[in-house]
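Working notes for the structure below.
Note that the structure is predicted; figures quoted are calculated from it, not measured. Atom set for the values below is all heavy atoms of this structure, side chains included, hydrogens, waters and symmetry mates excluded.
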Amino acid sequence: QVRLVESGGALVQAGGSLRLSCAASGIAFPSYVMGWFRHAPGREREFVAAISKRGDVTEYAVNVKGRLTNSRDNAENTVYLQMNSLKPEDTPIYYCAANSTWGAKWDARTYPHWGQGTQVTVSP
């Protein structure tokens with residue numbers, strides 16, 4: 001059974017930092033591209049970042065580039081999202097997801113495996 005479990009979400013003031021983690025089990029973790037998405041009420045699920053299978057290539061949404069860093073530890077089956085200079089608009093629930101295809105990394109519909117999400121709240 002595939003499980004992706006996010007953690008690290010919290011309430012933080014604008015300008016602060018958080019580190020999200022996503023621990024995977026039940027999948028051959030190094031064979032998967034790992035993505036991060038966020039979902040605010042009333043809005044579409046939004047691509048945030050993705051990291052290649054070996055962790056040597058990352059991709060970020062324009063509105064988070066320079067503030068977020070995506071990394072992974074294949075020995076620990078874990079992917080991380082370091083979030084700095086947080087803004088109130090960074091607030092929604094963050095999800096990690098696993099996808100076998102790098103070419104479709106922006107498209108949430110191509111990710112078959114999802115975590116339950118972790119809430120990030122950034123106060124002004």
Side-chain angles (χ1 to χ4, degrees):
Q1 181 181 357
V2 178
R3 288 194 71 203
L4 301 177
V5 180
E6 301 95 335
S7 60
L11 170 64
V12 63
Q13 287 190 325
S17 298
L18 283 175
R19 189 192 196 201
L20 305 184
S21 300
C22 173
S25 61
I27 59 172
F29 185 73
S31 298
Y32 283 84
V33 171
M34 297 301 296
W36 288 94
F37 291 79
R38 63 189 186 188
H39 190 198
R43 300 185 64 176
E44 294 289 322
R45 188 166 295 193
E46 177 187 15
F47 170 79
V48 175
I51 188 165
S52 63
K53 298 173 184 179
R54 294 189 302 178
D56 53 345
V57 181
T58 54
E59 188 77 22
Y60 299 94
V62 171
N63 56 353
V64 303
K65 203 167 187 177
R67 300 188 295 116
L68 272 58
T69 302
N70 199 9
S71 62
R72 67 190 293 163
D73 184 340
N74 283 350
E76 297 293 330
N77 286 4
T78 302
V79 62
Y80 303 98
L81 188 67
Q82 177 67 42
M83 308 170 68
N84 299 325
S85 302
L86 284 164
K87 304 176 181 180
E89 53 264 41
D90 294 320
T91 278
I93 297 174
Y94 284 73
Y95 298 88
C96 72
N99 186 348
S100 60
T101 307
W102 179 249
K105 56 190 173 293
W106 298 285
D107 189 347
R109 298 169 298 178
T110 65
Y111 285 77
H113 307 298
W114 289 83
Q116 83 290 347
T118 186
Q119 176 73 54
V120 171
T121 304
V122 183
S123 62

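Hydrophobic clustering places Val79 together with Tyr60 (ILVMFWY residues linked when any side-chain heavy atoms are closer than 4.5 Å, directly or through intermediates). Ile93 and Leu81 end up in different hydrophobic clusters when Ile, Leu, Val, Met, Phe, Trp and Tyr side chains are linked at under 4.5 Å. Both Val2 and Trp36 sit in one connected hydrophobic cluster of ILVMFWY residues. Membership requires side-chain heavy atoms under 4.5 Å apart, directly or through other members. Hydrophobic clustering (side-chain heavy atoms under 4.5 Å, transitive across Ile, Leu, Val, Met, Phe, Trp, Tyr) groups Trp106 together with Trp102.
Rounded to the nearest 0.5 angstrom, Gln13 CD and Ser123 OG are separated by 5.0 Å. Distance CD/Gln82 to CG/Asn70: 11.0 Å, rounded to 0.5 Å. The line from NZ of Lys105 to CD1 of Ile51 is 12.5 Å long, rounded to the nearest 0.5 Å. Atom NZ of residue Lys65 and atom CD of residue Glu59 lie 6.0 Å apart, to the nearest 0.5 angstrom. Interatomic distance, Arg54 CZ to Asn74 CG, rounded to the nearest 0.5 Å: 10.5 Å. Distance CG/Asn99 to OG/Ser31: 12.5 Å, rounded to 0.5 Å.
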**OP:** Show the numbers, then the answer: is there a side chain to side chain donor-acceptor pair (under 3.5 Å) between Asn63 and Glu46?
**Re:** CA-CA 11 Å; Asn63 56 353; Glu46 177 187 15; 2.9 Å; yes

**OP:** Just do the side-chain contact (heavy atoms from CB on, under 4.5 Å) check on Val64 and Arg38 with the steps written out, would you?
**Re:** CA-CA 12 Å; Val64 303; Arg38 63 189 186 188; 4.0 Å; yes

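Side-chain atoms of Leu4 and Met34, non-hydrogen and from C-beta on, do get closer than 4.5 Å to each other. Side-chain atoms of Met83 and Leu20, non-hydrogen and from C-beta on, do get closer than 4.5 Å to each other. Between Asp107 and Phe47, every side-chain heavy-atom pair lies at or beyond the 4.5 Å cut-off. Within the 4.5 Å cutoff, side-chain heavy atoms of Leu68 are placed close to those of Val48. Under the 4.5 Å side-chain criterion, counting only non-hydrogen atoms from C-beta, Arg67 is in contact with Asp90.
Relative to the ring axis of Phe29, Arg72 places its NZ or CZ within 45° and under 6.0 Å from the centre.
For Arg45 against Ala108, the heavy-atom pair with the smallest separation is CD-CB, 4.4 Å. When all heavy atoms of Ala104 and Thr110 are compared, the pair lying nearest together is O-OG1, 3.1 Å. Nearest heavy atom pair, residue Tyr32 against residue Ser100, reads CD2-N, 4.0 Å. Of all the heavy atoms in Pro124 and Pro88, the pair that sits closest is CA-CG, 4.1 Å. Closest of all the heavy-atom pairs between Ser17 and Ser85 is OG-N, 4.4 Å.
Of the residues listed (Tyr95, Tyr94, Tyr111), the one engaging Phe37 in a ring-ring contact (aromatic ring centres under 6.0 Å, His included) is Tyr111, and it is the only one. Each of Val57, Val33, Thr58 was compared with Ser52 under the side chain to side chain contact (heavy atoms under 4.5 Å, CB included) criterion, and only Val57 meets it.
A donor-acceptor pair is defined here as one N or O able to donate and one able to accept, closer than 3.5 Å; no such pair exists between the side chain of Gln116 and the backbone of Val5.
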